[in-house]
Structures are given as C-alpha cells and as structure tokens.
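What follows is a short report on a single structure.
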There are 2 protein chains.
Amino acid sequence: MNTGLFKRLFKDKNLRMSHPRFLIYQELLGAQNPLSPQELYQSLLKKRRKIGLTSIYRSLDLFESLNMVFKIINGSSVKYKLCELKDHHHHIICRSCGHVGVLNFCDISSWSKKVTESTGYQVVDHQLNFYGFCKKCKPLQK
Amino acid sequence: MNTGLFKRLFKDKNLRMSHPRFLIYQELLGAQNPLSPQELYQSLLKKRRKIGLTSIYRSLDLFESLNMVFKIINGSSVKYKLCELKDHHHHIICRSCGHVGVLNFCDISSWSKKVTESTGYQVVDHQLNFYGFCKKCKPLQK
DNA sequence: CGAATAATGAAAATATTTTCAATAAGAAAT
DNA sequence: ATTTCTTATTGAAAATATTTTCATTATTCG
Ligand SMILES: [Zn+2]
Ligand SMILES: [Zn+2]
Ligand SMILES: [Zn+2]
Ligand SMILES: [Zn+2]
C-alpha cells in the first residue's frame with residue numbers, strides 16, 4: 001500500500017491524517033519484518049519522534065479495521081505488517097518462524113449465503129488465516 | 001462436548017486431568033453464555049473452588065489448542081464457549097451482542113493444496129470466523 | 001483566522017504472560 | 001490398596017501488554 005493510496009483512504013473515510021498515524025504508516029512501510037507495538041514505539045523513539053504508545057495501539061487497530069495492515073497473532077506474540085495487496089486477501093503464518101505468506105485469493109464470499117441460510121445471521125465480514133510451516137522451517141520438523 | 005469425551009481426549013493425548021482443568025470444563029459446560037477468564041475465575045471463587053487465575057488462562061489456551069473451546073474475540077472482549085460439535089467447524093459472531101452461531105461445515109481443506117502450490121508452505125491448520133448481525137440485532141442496524 | 005470536534009498522550013486500570021518453587025497426577029512397584 | 005517415584009501442572013508474584021479515562025492538543029472546515 002503506497003502513500004497516495006493511504007492518504008486517499010483517509011480522506012474518503014473522513015478520518016484525520018494525524019502526525020502519529022503517518023509516522024506509524026511510514027515505519028511499517030520501511031520495515032522488513034512485521035513489527036510489534038513495542039517495536040514500533042522503540043523504533044520511533046530512537047528517531048526522536050514524539051508519539052505515545054497508546055496512539056500506536058489505537059492506530060494499529062484503526063489500520064486493521066481499514067484492512068491496511070494484517071495483525072499476526074502467533075502464540076502470545078502480536079505483530080503487524082502493511083498489506084501489499086489492496087484487494088481482499090488472506091495469509092498463511094509459519095508456526096515456527098512467524099513469516100507470513102500472502103494468498104491472493106478468497107472464495108469465501110460464496111459462503112455467505114450458506115451461512116445466512118443456516119444461521120439467520122447477516123454476514124458482513126470474515127477472517128481466515130492459515131497456519132503451517134514455511135519452506136525454511138518445514139525440513140526442521142521431525 | 002460431554003464429560004466422557006473430555007476425559008478420553010486427555011488420556012489419548014497424555015495430558016493430566018487436573019482438578020483445575022476439570023473445574024473449568026464443568027463451569028463452561030454449565031454456562032449459558034460464553035465466559036471471560038475473569039468471569040470464570042469469579043464464578044469459581046464464589047463456589048469456594050481453589051484455583052488460580054493463571055491456571056484459567058493456561059487451561060483455556062490448552063482447551064483451544066485441542067479444539068474443545070472456541071475463543072470469541074469481539075473488539076477488546078475475549079470469551080470462551082465449549083464446542084458442541086466434536087467435528088471440525090466454524091462460527092459466526094454477532095458484532096452487536098456477541099452471540100455465536102455454529103456452522104457445521106468447512107470446505108477449506110480443499111484449499112490447502114492451492115495454498116501450498118502458491119506459497120510453498122505446508123498447511124497444518126486454519127482459522128475461519130464470520131462476523132455479522134444476528135436475527136435479533138439486524139433490525140437495530142440503521 | 002476561529003470554531004467544532006476528532007485524536008492524542010499521560011496515568012490509571014485491566015488483562016495476560018512469564019518465572020520458578022511447591023504440589024499433585026499418574027505410573028509403577030510393593 | 002498403599003507407597004514411591006517422575007514429571008507435568010499449579011499458583012503467587014513479578015513482568016508485560018493492552019485498554020480506558022479524561023483533560024489537552026491538533027486537524028479540518030468554513
Ligand atoms: Zn518459517
Ligand atoms: Zn476472504
Ligand atoms: Zn446479536
Ligand atoms: Zn475449517
């Protein structure tokens with residue numbers, strides 16, 4: 001997700017483009033790996049950016065709700081990475097090293113009717129994650 | 001999930017059936033609604049059961065890994081309910097009241113091959129949740 | 001430049017995880 | 001059935017992580 005797209009998204013949703021939000025976006029954009037809230041905080045402090053840890057939590061929640069970032073929950077570790085694809089997609093997480101693979105497809109929407117029929121719920125969203133072992137970690141499994 | 005099934009599952013996996021674990025299982029079995037770790041703790045204290053909050057967290061994690069319970073994350077609230085079906089299945093969570101609907105189907109396993117082909121990952125697990133509004137809450141949406 | 005109000009951040013409140021010494025469950029022997 | 005042994009599990013306390021509160025600040029829109 002590039003900077004232009006990021007700014008447009010906020011304008012469209014009537015969200016304010018605050019300094020903290022932009023700092024966090026930039027930090028994620030420059031990162032090689034997914035980052036935890038604490039890692040983001042420390043990294044920004046090191047660069048003398050004035051920001052509160054609370055804002056990091058809040059911004060990450062917001063970004064997630066906008067599908068801008070993917071929240072990677074692996075055991076008790078929580079990290080975030082910027083989504084590269086702007087279209088709806090899912091991920092596979094390595095149970096060993098935490099690396100994230102991108103899946104550029106989703107056939108779930110076709111299920112919504114089935115879900116509504118069997119439960120009466122109106123479906124508005126879904127969450128799908130795969131877990132497994134990446135090419136690097138697979139051989140290490142006994 | 002009934003008590004016999006519960007005990008067999010533990011024996012099969014070489015897990016010890018400790019008193020705290022059984023207390024938590026019973027509490028979930030008797031509950032009408034999903035319970036948070038804190039609610040479980042308070043409820044057991046009220047019944048004069050000796051148990052530590054830490055054990056509740058640990059047992060719930062264990063139960064989840066055994067697919068005995070479903071962890072319902074809705075905003076910042078976390079609750080658990082015992083799974084009624086012993087076969088693999090998924091849930092739909094009401095964004096308004098938190099009620100959980102059970103879906104007794106899953107066609108995801110057919111995706112695993114596709115996931116492996118596109119990412120090289122060995123797939124061992126997946127997580128799929130639907131979100132929406134239940135029959136009761138749907139009319140309240142504007 | 002002012003409103004109007006969404007967003008921030010410090011501090012307090014909660015929630016969750018980790019550590020580690022003590023305990024209890026299960027297996028095996030008596 | 002009781003004792004003994006091994007080791008998984010517990011729980012109190014400390015460490016971390018996350019959320020809430022609320023007074024202050026910064027954005028955006030005339
Ligand atoms: Zn890996
Ligand atoms: Zn999808
Ligand atoms: Zn509802
Ligand atoms: Zn499934």
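Below, read A as the first sequence line, B as the second, and so on, with proteins coming before strands; counting in each chain starts at 1.
Between the side chain of A:T116 and the main chain of A:Y121, a donor-acceptor pair closer than 3.5 Å is present. Although no hydrogens or angles enter the test, the distance criterion places a donor-acceptor pair under 3.5 Å between the side chain of A:N74 and the main chain of A:C94. B:R21 places a side-chain N or O within donor-acceptor distance of the main-chain N or O of B:R16, the cut-off being under 3.5 Å.
In this structure, the CD1 atom of A:I56 is 13 Å from the P atom of D:dT19, given to the nearest Å. Atoms CZ (B:R21) and P (D:dG11) sit 11 Å apart, rounded to a whole Å. To the nearest angstrom, C1' of C:dA11 lies 13 Å from CG of A:L53. Following rounding to the nearest Å, A:Y41 (OH) and C:dT8 (C1') show an atom-to-atom distance of 13 Å. Put simply, CG on B:L23 is 14 Å from C1' on C:dA24, counting in whole angstrom units. One interatomic measurement links the two molecules: CG of B:D12 to P of C:dG26, which rounds to 14 Å at whole-angstrom precision. As a whole-Å value, the separation of B:Q42 CD from C:dT14 P is 12 Å. Going from atom CD of B:Q38 over to atom P of C:dT17 covers 14 Å, rounded to whole Å.
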Q) Which letter, B, S or -, goes with each nucleotide of nucleotides 20-30 of chain D from 5' to 3', with contact meaning a protein heavy atom under 4.0 Å? A) BB----BBS--
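Hydrophobic clustering (side-chain heavy atoms under 4.5 Å, transitive across Ile, Leu, Val, Met, Phe, Trp, Tyr) keeps A:I72 apart from A:L103.
Between B:Y57 and the phosphate of C:dT17, there is no side-chain N or O to OP1/OP2 separation shorter than 4.0 Å.
Of all heavy-atom pairs between B:I51 and B:S55, the closest is CG1-CB, 4.4 Å.
In this structure, B:K71 forms no cation-pi arrangement with B:F63, as its terminal cationic atom is not both closer than 6.0 Å to the ring centre and no more than 45° off the ring axis.
Of the options B:L28, B:L23, B:L53, a side-chain contact (heavy atoms from CB on, under 4.5 Å) to B:L40 is made by B:L28 and by none of the others.
In this structure, the nucleotide among D:dT10, D:dA12, C:dT16 sitting nearest to the side chain of B:S59 is D:dT10. Closest approach to the A:D61 side chain among D:dT19, C:dA10, D:dT10 is made by D:dT19 (side chain taken as heavy atoms from C-beta onward).
The side chain to side chain donor-acceptor pair (under 3.5 Å) check on A:K47 picks up A:E27, with sequence neighbours excluded.
Applying the 6.0 Å contact sphere to NE2 of B:H88 captures more than 12 heavy atoms from other residues, nucleotides or ligands.
One axis for each end of the helix from C:dC1-D:dG30 to C:dT30-D:dA1, each built from five base pairs, and the angle between them comes to 50° at 10° resolution.
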